[in-house]
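Below you will find the structure I want to go over with you.
Here is the naming used below: chain letters follow the sequence lines, and residue numbers restart at 1 for every chain. Basis for what follows: all heavy atoms, side chains included, without hydrogens, waters or symmetry-related copies.
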2 protein chains.
Amino acid sequence: MQEDLKVLLVQRRVAPFEGFWSLPGGFVKMNETLEQAALRKLKEKTNVDQVYLEQLYTFADLERDPRARVLTIAYYALVSSEHFTLKPSEAVADVKWHSMYDLPELAFDHAYILDYALQRLRNKLSYTTVGSQLLPEKFTLPELCRIYELILNREIDKRNFRKKMAIMDVLEDTEETSQKYSKKPAKLYRFKHSEIIELSQSPHTIIQPKTPRSLQGER
Amino acid sequence: MQEDLKVLLVQRRVAPFEGFWSLPGGFVKMNETLEQAALRKLKEKTNVDQVYLEQLYTFADLERDPRARVLTIAYYALVSSEHFTLKPSEAVADVKWHSMYDLPELAFDHAYILDYALQRLRNKLSYTTVGSQLLPEKFTLPELCRIYELILNREIDKRNFRKKMAIMDVLEDTEETSQKYSKKPAKLYRFKHSEIIELSQSPHTIIQPKTPRSLQGER
DNA sequence: CCAAAAGTGTTAGTGATACACCCATGT
DNA sequence: ACATGGGTGTATCACTAACACTTTTGG
């Protein structure tokens, strides 16, 4: 359990930014959706198949690319720590996983984009079950806790973490155990729902009455 | 203080969706930013100047427009309840403010986009000071509270609301009062910061230690 | 003096955080 | 028997939500 939060980067073979690492990307075809385009590009570099994909933001400043005006509609995917074969396509010198916390200098505005993505992911972590995408179907609570620690980049108290998970009520006990990381067997869990769930809690919000009343009749 | 949450719609003059109401929009020029394009289009219909603009999402499904594949990078702006002169441009039959809670049938996927925008706005309301954009510089607490009620579409307890605002510590007392909506004078406040502030609280998150400790050295 | 909106405090419940020891197993 | 990571409970504090009366003014 000494993993890391990683991002897949490709090394550019051509100018501009020749030799720099950058986010994988490419052009959207006229009759494919943005999601299809993102998946296609991802597949060119990995053999990833089922992934969580989310639109991040559209970056479109005029000077992003010295050659021409380029709009980037950025998506991010989360894949669990299983192994994928990386296959550099011909346009690219290399493909590699890099630690999010130890990045090389990136081409274009990609460092900014990555930073934006990390913030988004951290936010999502607190009110959804995105974390589920970074583990195999069955996992132990210490493993899940570790995912949170890696993304949030700080220690989490395991007792509080377990309590929180219990309250959220999103996990179910498989009857199995794992001894992957310890001699004492750890219970294996899975997420009750395969999709990503939004947790409805009442945090930090402006006043959420228990029994909402209608305001102004019709509305 | 019997206002409403409104959205600016334009009525289409031409097919497809002739006669339907739709969100104002247009094409981005080759050498303007998305924000500039959004502002330009907004200015064609109103005389709005200083506005809060935020990128919402990029909608790009293949069948959004029957004529061709169109990508829409949606932005939303918030303007305070002051009056703007609306000026329909020639491509458009009419321009009008519509209640968000009483919309006509909209062209394309614009109903979906609006719904998405409302959700975003509601979320932002709870952890930022976006509300400030919908009022003039100086305002009373009941007015601000009303903005929250309109956006969230539910009643808010005014005592709790005042307490919350006090804790957030984003308002400052002007020495003035207003009797616009009542005989008893209400104190006028203004936001301490003219920009929109993100409130750092600890809601609903997974465990935020008061004094964060470093995890794994360097990170 | 009446109507109308502004303004004000307290209590109970829930969720967040901090914290230390025992347990099951493999070696 | 010991080393390693898994698993557990409690007390404090902060925030949320519910709730009703007094104050200031204009008419």
Checklist entry - Under 4.0 Å between a side-chain N/O of A:Lys164 and OP1 or OP2 of C:dA16, yes or no? => result yes

Checklist entry - Just how far, in rounded Å, is P of D:dC19 from CD1 of B:Ile156? => result 16 Å

Checklist entry - In whole Å, what is the span from the CZ atom of A:Arg146 to the P atom of D:dG5? => result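 Computing the A:Arg146:CZ to D:dG5:P distance gives 12 Å.
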
Checklist entry - Across the strands shown, which category fits A:Lys158 at heavy-atom distances under 4.0 angstrom: base, sugar-phosphate, nothing? => result base

Next on the checklist: From C-beta outward on B:Arg159, which listed nucleotide comes closest to its side chain: D:dC19, D:dG6, C:dA16?
Outcome noted: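 Selected nucleotide (nearest to the side chain): D:dC19.
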
Next on the checklist: Rounded to whole Å, please give me the gap between NZ in A:Lys180 and P in D:dG6.
Outcome noted: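 Result: 12 Å.
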
Item to check | Interatomic distance where CD belongs to B:Glu155 and C1' belongs to D:dA18 [whole Å] | outcome: 13 Å

Item to check | Any side-chain donor near an acceptor of the partner, B:Thr140 and B:Ser178, under 3.5 Å | outcome: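 No, no side-chain donor-acceptor contact under 3.5 Å.
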
Next on the checklist: Output the rounded distance in Å from CZ (B:Arg162) to P (C:dA5).
Outcome noted: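 After rounding, the gap between these two atoms is 15 Å.
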
Checklist outcome for this item: Note: for B:Lys183 and A:Lys184 on DNA chain C, the residue whose nearest nucleotide lies more 5' is B:Lys183

Next on the checklist: Can you measure A:Met165 atom CE to D:dG7 atom P for me and round it to whole angstrom units?
Outcome noted: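 Rounding to the nearest Å, CE of A:Met165 and P of D:dG7 are 14 Å apart.
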
Item to check | Nearest-angstrom distance from the residue atom NZ of B:Lys187 to P of C:dT8 | outcome: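 Between P of C:dT8 and NZ of B:Lys187: 7 Å.
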
Checklist outcome for this item: Of the listed D:dT24, C:dA18, D:dC19, the closest approach to the B:Asn160 side chain comes from D:dC19

Item to check | Nucleotide nearest B:Pro185 (side chain, heavy atoms from C-beta), chosen from D:dT23, D:dT25, C:dT25 | outcome: D:dT25

Next on the checklist: What is the distance, to the nearest angstrom, from the CD atom on B:Gln179 to the C1' atom on D:dT24?
Outcome noted: 9 Å

Next on the checklist: Check this for me: does any side-chain nitrogen of one of A:Arg190 and A:Glu172 sit under 4.0 Å from a carboxylate oxygen of the other?
Outcome noted: yes

Checklist entry - Can A:Lys138 and A:Glu176 be counted as an ion pair, charged N to O under 4.0 angstrom? => result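 Salt bridge flag = yes for A:Glu176 with A:Lys138.
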
Checklist entry - So, B:Glu198 and B:Tyr127: side-chain donor and acceptor under 3.5 Å apart, yes or no? => result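 B:Glu198 vs B:Tyr127: no donor-acceptor pair found between side chains.
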
Item to check | Which nucleotide in C:dG9, D:dT8, C:dA6 has an atom nearest any side-chain atom of B:Lys163 | outcome: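 For B:Lys163, the side-chain atoms sit closest to C:dG9.
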
Checklist entry - Which listed nucleotide (C:dG7, D:dG7, D:dG6) is nearest to the side chain of A:Ser182? => result D:dG6

Next on the checklist: Applying ring pair (Phe, Tyr, Trp, His ring centres under 6.0 Å), can you list everything that pairs with B:Phe191, at least two apart in sequence or on another chain?
Outcome noted: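 Listed in chain order: B:Phe139.
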
